[in-house]
**Student:** 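Below you'll find the structure I mean.
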2 protein chains.
Amino acid sequence: MTDIICTVDIALLTLKDASLHVVLLKRENDPFRGVLALPGGYVHAEEDADTRDAAVRTLRTKTGIVSPYLEQLATFSGPGRDPRGWSISIGYFALVPEAVINQAGHPQVELLAVGRLKGLPFDHQQIVEAAVSRVRNKSSYSSLPVYLCGDAFTLPRLQSVYETVLGEPINKVSFRRKIDELAILEPIAGALETGRSNRPAQLYRLKRQYRDQLSLTDRALNAR
Amino acid sequence: MTDIICTVDIALLTLKDASLHVVLLKRENDPFRGVLALPGGYVHAEEDADTRDAAVRTLRTKTGIVSPYLEQLATFSGPGRDPRGWSISIGYFALVPEAVINQAGHPQVELLAVGRLKGLPFDHQQIVEAAVSRVRNKSSYSSLPVYLCGDAFTLPRLQSVYETVLGEPINKVSFRRKIDELAILEPIAGALETGRSNRPAQLYRLKRQYRDQLSLTDRALNAR
DNA sequence: ACAATAGTGTCTCTTAGACAATATCGA
DNA sequence: TCGATATTGTCTAAGAGACACTATTGT
């Protein structure tokens with residue numbers, strides 16, 4: 001039986017300039033040396049407990065980032081996707097606020113808008129598209145976009161994040177009702193976002209028990 | 001780099017006696033020779049175009065069944081799940097009417113209720129649970145359960161299938177409204193399900209263009 | 001005071017569920 | 001005709017969106 005190449009690739013997504021961006025790195029080795037690509041690497045049977053572990057390790061090693069949210073996306077495979085031979089890549093995606101990338105990310109990390117990718121090696125374009133599609137879909141009935149915000153954020157900011165991810169405006173009253181129903185946020189006592197010439201907005205944070213756990217709704221946020 | 005074992009496993013689900021069952025086979029080889037397990041096998045780099053291809057081939061070879069619906073589920077991995085060593089299994093799930101198993105399935109195929117599994121080898125229990133969970137969830141906002149029916153079926157039958165999969169009763173009027181909105185079914189002219197001592201039910205079939213394509217709703221079927 | 005955005009009350013419209021009336025079969 | 005289940009009509013309740021009113025800041 002021919003050997004199969006086993007790798008992981010991670011689509012690390014963030015929000016920058018009000019649009020979804022993905023982290024890319026210049027490849028240090030062949031194939032595609034010097035080309036921008038998703039952070040990825042071999043699964044190390046000697047040290048990884050599973051492929052999620054491989055994804056965490058790869059992300060940390062190559063970008064310096066540890067993402068609180070990391071989800072398995074899908075597995076991509078075939079004889080043609082990697083010039084080295086028949087390969088499998090277990091794709092993962094992660095969401096972080098832009099600040100995390102700026103603060104913890106290695107300097108060579110690049111951010112590209114997901115809509116303007118071109119010439120990505122392997123099937124990385126397809127992986128990014130699958131990740132974006134999953135995030136869009138899941139955002140419509142879950143608290144997923146919260147992971148794109150920092151520790152503290154206002155409701156208008158959160159709504160704007162949802163709108164960017166979903167790609168359509170959301171009714172303000174409905175949005176606040178939904179978020180209220182989810183009951184995952186708590187106001188930070190006395191903390192307001194000041195500085196702009198309007199009424200300041202209340203700052204919120206995720207309740208402790210929801211830090212590492214998605215919250216789902218049974219009805220979609222925006223049913224059009 | 002240590003070699004990694006690459007396999008596929010398929011959770012082939014069907015409805016029998018008004019409950020979800022999964023197809024199991026007695027393993028012909030070690031490890032776990034003679035034990036009931038999911039149909040599965042190595043990915044063959046020489047002949048498979050990708051892992052989906054490997055799943056189709058494995059399912060056809062081991063059970064005799066070709067399922068119109070086959071979806072990648074998730075990838076399971078680690079050093080402990082297979083006694084032969086660090087392994088990866090790309091899990092798939094498929095849905096077929098019971099009649100397909102009875103007619104096309106190899107004689108050694110066994111059907112077990114998904115709630116009564118025990119002692120499955122590898123992490124097959126976990127794979128089945130993930131498959132059932134995915135099917136439950138997806139059924140609440142899609143036409144997925146149609147694949148558990150035959151070519152022709154009545155609306156009461158389809159509703160009963162949904163109810164079995166979802167595990168809860170559905171409002172009849174709402175159900176019919178949803179199915180009507182989906183617009184994926186067409187009545188078979190003049191075909192009624194007779195034989196019982198009540199008003200006969202109209203037989204329906206999937207419109208041709210939806211034969212190989214799921215149909216999604218934006219609002220869940222049963223929001224309870 | 002004014003412009004701007006935050007936060008909230010409330011009305012309307014859409015959709016889901018309850019209930020029941022009618023339809024059509026075999027016995 | 002009766003019992004059983006299919007099919008359909010319609011009323012009611014719940015949820016989503018529209019609109020607008022009040023609140024609070026900097027200028």
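Here is the naming used below: chain letters follow the sequence lines, and residue numbers restart at 1 for every chain.
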**Student:** Once you measure the plane-to-plane angle for A/Y147 and A/Y69, does it fall in the parallel (<30°), tilted (30-60°) or perpendicular (>60°) bin?
**Tutor:**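 If you compare the ring of A/Y147 with that of A/Y69, the planes turn out tilted.
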**Student:** To the nearest Å, give me how far apart OH (A/Y204) and P (C/dA6) are.
**Tutor:**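 Going from A/Y204 (OH) to C/dA6 (P), I get 12 Å.
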**Student:** Could you state the atom-to-atom distance from CG of B/N171 to P of C/dA16 in whole Å?
**Tutor:**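 Taking CG of B/N171 and P of C/dA16, I get 10 Å after rounding.
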**Student:** Taking 4.0 angstrom as the limit, do B/K138 and B/E71 come out as a salt bridge?
**Tutor:**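 Judged by the 4.0 Å cut-off on N to carboxylate O distance, B/K138 and B/E71 do form a salt bridge.
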**Student:** With a sphere of 6.0 Å drawn around CG of A/N102, does it hold more than 12 non-hydrogen atoms of other residues, nucleotides or ligands?
**Tutor:**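 Yes, the 6.0 Å shell around CG holds more than 12 heavy atoms from other groups.
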**Student:** Return no unless some side-chain N or O of A/R199 is found under 4.0 Å from OP1 or OP2 of C/dA4.
**Tutor:**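 For A/R199, the contact criterion (side-chain N or O under 4.0 Å from OP1 or OP2 of C/dA4) is not met.
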**Student:** As a test of reading the structure: which of D/dT24, C/dG7, D/dT8 is closest to the side chain of A/R176, going by heavy atoms?
**Tutor:**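 Selected nucleotide: C/dG7.
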**Student:** Is the number of heavy atoms from other residues, nucleotides or ligands within 6.0 Å of CG (B/N137) greater than 12?
**Tutor:**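 Result for CG/B/N137: enclosed.
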**Student:** Looking at the base of C/dG7, is there any donor atom on it, or on the side chain of A/K172, that sits under 3.5 Å from an acceptor on the other one?
**Tutor:**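 Check passes, donor-acceptor contact within cut-off.
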**Student:** Tell me whether A/R134 contacts the main-chain N or O of A/L73 through its side chain, where contact means a donor paired with an acceptor under 3.5 Å.
**Tutor:**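 It does hold such a pair.
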**Student:** Expressed in angstrom and rounded to an integer, what is the separation of A/Y162 atom OH from D/dA16 atom P?
**Tutor:**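 For the pair A/Y162 OH and D/dA16 P, the rounded distance is 14 Å.
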**Student:** Evaluate whether atom NZ of B/K26 has more than 12 neighbouring non-hydrogen atoms of other residues, nucleotides or ligands under 6.0 angstrom away.
**Tutor:**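 No.
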**Student:** Please state how far atom CD in B/Q202 lies from atom C1' in D/dT7, giving the value in whole angstrom units.
**Tutor:**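 These atoms are roughly 11 Å apart.
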**Student:** Taking CG from B/N198 and P from C/dT24, how many angstroms apart are they, rounded to a whole number?
**Tutor:**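 After rounding, the gap between these two atoms is 13 Å.
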**Student:** A/S174 or B/P156: which one's nearest nucleotide on DNA chain D is closer to the 5' end?
**Tutor:**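 Taking each residue's closest nucleotide, the earlier one in sequence belongs to B/P156.
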**Student:** Under the 3.5 Å rule, do the base of C/dG17 and the side chain of B/R177 count as making a donor-acceptor pair?
**Tutor:**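 Under the 3.5 Å cut-off, the side chain and the base do form a donor-acceptor pair.
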**Student:** What is the separation between atom CG on A/L203 and atom C1' on C/dA6, rounded to the nearest whole Å?
**Tutor:**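 Going from CG in A/L203 over to C1' in C/dA6 covers 12 Å.
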**Student:** Could you check which of C/dA6, D/dA18, D/dA16 has an atom nearest any side-chain atom of A/A201?
**Tutor:**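 Nearest to the side-chain atoms of A/A201, counting from C-beta on, is C/dA6.
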**Student:** Could you tell me the separation between the CG atom of A/L155 and the P atom of C/dT5, rounded to a whole number of Å?
**Tutor:**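 So the two atoms are 17 Å apart, to the nearest Å.
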**Student:** Could you check how far CD of A/E168 sits from P of D/dA16, rounded to whole Å?
**Tutor:**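 Roughly 14 Å, once rounded to whole Å.
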**Student:** Would the distance check show the side chain of B/T14 and the main-chain N or O of B/V22 forming a donor-acceptor pair, the cut-off being under 3.5 Å?
**Tutor:**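 Between the backbone of B/V22 and the side chain of B/T14 there is no qualifying donor-acceptor contact (under 3.5 Å).
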**Student:** Can you sort out which residues in residues 178-197 of chain A have a heavy atom within less than 4.0 Å of DNA chain D? Ascending by number, please.
**Tutor:**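 Nucleic-acid contacts, sorted: A/K178, A/R196, A/S197.
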